[in-house]
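See below for the structure under consideration.
Predicted, not measured: the structure shown is a model, and the values here were computed from it.
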Amino acid sequence: MTPDCYPMNILPQVTRLYADYLAIGSANAAPAIRTWYGAAPMSGEWMGRDVAVGHTAPLADALQLQAETFGSGTETFANIERLRQGARAVVTGQQVGLFGGPLLTLLKAATAVARARDAESSTGVPHVPIFWLATEDHDLAEVDQVTLPAKHSLETFSLRLTDEAREVGGVPLGAEVEVLLDQACELMAYAPVCDLLRACYTPHATLGEAFGRFLTSLFTEQGLIVMDAAGPSFHALGSAVLRSAIELAPELEVALLGRAAELESLGYQAQVLVKPGASLLFLLDDTTGARLALRRTREGAWKAGPATYSTQDLLAILAATPERLSPNALLRPVFQDAVLPTAAYIGGPAEIAYFAQSAVIYERLLGRLTPVLPRLTATLIEPAIATVMERHELQLSDLLQAKTVEALTQRLGARAMPIEGKRKLAAVGNALDEELTALTDYLAVMDQSLGRSANVSASKMRYQMNRLRRLAATFQVQKEASLRRHAQALMQHLFPDGHLQERVLAGAWFLSQSDSLIPTLVKAAQEMCLGHSVLQL
């Protein structure tokens, strides 16, 4: 089934920068935007570029070791060998969330698979999909939770992990994960995906290991390469970028401050606030394992937590233990593309905003821009939810406009009223509005002050007319108790807590509802538009 496609501007919180990015290539494109990104979002310009790296053999060796750890299938190992022989990569990535994280994780991976297939089909050059695990992140509270829809509410499960200073990928799950799995699987009616979750999210596994095994298994047939770059092998391959971030820190700071000023002058907002003295790097404390932000205190002097370092100290650490140095959000894509032969990166709206700033780092450290392409953004409609929507003749846009359960309940009540009642309310409302408009116009001609007073009074009358409509709708809701339940279910599944479904609900929930979800999402990504897709399962 071809997904329905809604224009992106109907969605909440779409930034102007992202909207302008989507318009690259159109007649209305903002001139500066094109220089910040490597290609128009869906033009295919990115295909066929030479992005070879000089270390394909050690890269493939490191990926093969990880693939064995993650339990990869034959398609993934074949793709790693294709990388060894010079294939290009379509890359995406995400934080390593509990039980696979939100739906958007699956949408990203599916888009990477689809774009790799597109590029290979169009150019004849081998392309492979790679998912970069953000295990070096340290926002534990953000990944230590997952949300599922229950019968009448949303249920959020959390391990309440407390080791917030460490990189999240290395945090062990502990025995509590089995308790959460029992609760989550009960909501998912013990669907087959629960067996996979139990096999991956074991007490002795870390967040990174569990997430990597889970995602690898889901995309086995598609040959997705899942990559955890936190170890010494990958950091050694990207050490030139880390070295440049140390040695060229003052120059990069000036460039980033200039880009931030440029963004603001054009009415955009910088995604990352760059302060004087801030660096692009984190340092792992060799005693505690804490991930500490590095900042420059003066020329050649650095500080991370209470400890101080010279530039030479940091270069020595990089040479001996490169895994102790990791990139921040702006440097990470540049580091990634020094390690991988990246033809394109698949990002969400926030990541794409990062690239507007990262572009200045790309230019100085790599001498090129990596094209960034939008991921599939989608709302998935389960059969039971589709039945309710059809009964009330609703579309996703109706929910987005309503915004709250109460507002949607009122709308359902108004629609469910008897035809005669709706006609009478419409007739009286239209007549009242027409007569009030004529009267206020006439009085305004007589006297401006009188006209203003008439408009105030007319507004009160229109308010009372709308109140009558609300009272009638409320009566209908009280008469039909199912209307409120339907509104609650629709909002909970499709627009939970006023946010897009893909950002809140776990991908595992939708895996429990469809045995063919992954190929369905890959197909939707191949057919995706530049708007928001609505896909019935």
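Counting heavy atoms from C-beta outward, P129 and N79 have side chains that approach closer than 4.5 Å. Two residues are said to be in side-chain contact when any heavy atoms from C-beta on lie closer than 4.5 Å; V168 and D144 fail this criterion. At a threshold of 4.5 Å between non-hydrogen side-chain atoms, the residues E323 and F234 do not count as touching. Residues L511 and I518 are in side-chain contact: their nearest non-hydrogen atoms beyond the backbone lie under 4.5 Å apart. Residues F335 and N328 have side chains not in contact (no heavy-atom distance under 4.5 Å, counting atoms from C-beta outward). Contact annotation: the side chain of V522 approaches that of R117 to within less than 4.5 Å [non-hydrogen atoms, C-beta and beyond]. Side-chain contact check for L373 versus Y37: every heavy-atom pair is 4.5 Å or farther apart. Using a 4.5 Å heavy-atom threshold, the side chains of L535 and T379 count as separate.
At distances below 3.5 Å, not a single donor-acceptor pair connects side-chain atoms of D497 with backbone N or O atoms of H499. For K303 (side chain) and P306 (main-chain N/O), a donor-acceptor pair under 3.5 Å exists by modelled atom type. The closest donor-acceptor contact from the side chain of D50 to the backbone of A52 lies under 3.5 Å. The main-chain N or O of Q271 is found under 3.5 Å from a side-chain atom of Q357 such that the two form a donor-acceptor pair. In this structure, the side chain of Q336 does not engage the main chain of W132 through any donor-acceptor pair within 3.5 Å. Side chain of T206 to backbone of V171: no donor-acceptor contact under 3.5 angstrom is found. Listed for the S122 side chain is no donor-acceptor partner under 3.5 Å among the backbone atoms of A119. Proximity of a side-chain donor or acceptor of H493 to a complementary backbone N or O of P149 within less than 3.5 Å is not detected. In terms of modelled atom types and a separation under 3.5 Å, the side chain of S244 and the main chain of V241 share no donor-acceptor contact. Under a 3.5 Å cut-off, the side chain of T69 and the backbone N or O of L65 do form a donor-acceptor pair.
Applying the 6.0 Å contact sphere to CZ of R503 captures no more than 12 heavy atoms from other residues, nucleotides or ligands. For CD of E68, the number of neighbouring non-hydrogen atoms (other residues, nucleotides, ligands) closer than 6.0 Å is greater than 12. No more than 12 heavy atoms of other residues, nucleotides or ligands sit less than 6.0 Å from atom CD of Q269.
Among the candidates V272, I361, L365, V274, the single residue satisfying the side-chain contact (heavy atoms from CB on, under 4.5 Å) test with L280 is I361. Paired with E253 under the rule salt bridge (Lys or Arg N to Asp or Glu O under 4.0 Å), one option of R295, R259, R296 passes, and it is R296. When each of L104, L215, L133, V143 is checked for a side-chain contact (heavy atoms from CB on, under 4.5 Å) with Q94, only L104 meets the rule.
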**Study point:** Candidate pair D228 and V96, rule side chain to side chain contact (heavy atoms under 4.5 Å, CB included), full reasoning
**Key:** CA-CA 10 Å; D228 179 359; V96 288; over 6 Å; no

Exercise for review: For I317 and Y309, run side chain to side chain contact (heavy atoms under 4.5 Å, CB included): C-alpha distance rounded to whole Å, both residues' side-chain angles, the deciding distance at 0.1 Å, then the answer.
Suggested key: CA-CA 10 Å; I317 291 171; Y309 302 87; 4.1 Å; yes

Practice item. Please assess E136 against R324 for the test salt bridge (Lys or Arg N to Asp or Glu O under 4.0 Å), listing each intermediate value before the final yes or no. Key: CA-CA 10 Å; E136 293 178 300; R324 287 185 59 196; over 6 Å; no

Check your understanding: How far apart are the C-alpha atoms of C200 and L196, what are their side-chain angles, what is the distance that settles it, and do they pass the side chain to side chain contact (heavy atoms under 4.5 Å, CB included) test?
Key -> CA-CA 6 Å; C200 297; L196 178 58; 3.8 Å; yes

Review point. T92 and R375: side-chain hydrogen bond (donor to acceptor under 3.5 Å, both in side chains), yes or no, with the steps?
Key: CA-CA 9 Å; T92 191; R375 67 165 171 81; over 6 Å; no

Check your understanding: Passes side chain to side chain contact (heavy atoms under 4.5 Å, CB included), R82 versus I80? Steps please.
Key -> CA-CA 5 Å; R82 296 170 83 208; I80 292 172; over 6 Å; no

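Looking at E502 and T377, their side chains do bring a donor and an acceptor atom within 3.5 Å of each other. Using modelled atom types, one finds a donor on one side chain and an acceptor on the other under 3.5 Å when comparing T147 with T156. A donor-acceptor pair shorter than 3.5 Å can be found between the side chains of D313 and S310. Using modelled atom types and a 3.5 Å distance limit, the side chains of R88 and T342 yield no donor-acceptor pair. When only modelled atom types and interatomic distance are considered, W302 and S279 share no side-chain donor-acceptor pair under 3.5 Å.
The two atoms that bring D139 and Q95 nearest to each other are CB-NE2, 4.4 Å, heavy atoms only. Here the closest non-hydrogen pair linking A230 and E167 is CB-OE1, 4.5 Å. For L252 against R364, the heavy-atom pair with the smallest separation is CD2-CD, 4.0 Å. Scanning all heavy atoms of the two residues, the minimum distance from P341 to L83 falls at CG-CD2, 3.8 Å. Shortest non-hydrogen contact noted between L376 and S533 is CD1-OG, 3.7 Å. Contact between P374 and I352 at its shortest, heavy atoms only, is CA-CD1, 4.0 Å.
Legend: residues meeting ring-ring contact (aromatic ring centres under 6.0 Å, His included) with F282, ordered by chain and number and at least two apart, are H138. Scored by the ring-ring contact (aromatic ring centres under 6.0 Å, His included) test, Y18 finds Y21 as partners (sequence neighbours excluded).
To the nearest 0.5 angstrom, I381 atom CD1 is 6.5 Å from L396 atom CG. Summarising the geometry, atom CG belonging to L340 is positioned 9.0 Å from atom CG belonging to L237; distances are rounded to the nearest 0.5 Å. In this structure, the separation between CD on E221 and CD on E75 is 8.5 Å, given to the nearest 0.5 Å. Atom CG of L314 and atom CZ of R243 lie 11.0 Å apart (nearest 0.5 Å). Going from atom CG of L103 over to atom CG of L505 covers 8.0 Å, rounded to the nearest 0.5 Å. For the atom pair OG1 of T520 and CG of L537, the computed distance is 7.0 Å after rounding to the nearest 0.5 Å.
Using a 4.0 Å cut-off between charged side-chain N and carboxylate O, D137 and R291 make no salt bridge.
Y345 and F355 have their aromatic ring centers within a separation under 6.0 angstrom.
The side-chain tip of R368 does not point at the ring of Y362 from less than 6.0 angstrom away and within 45° of straight on.
In this structure, Y201 and F99 have perpendicular ring planes: the angle between them is above 60°, well past the 30° mark.
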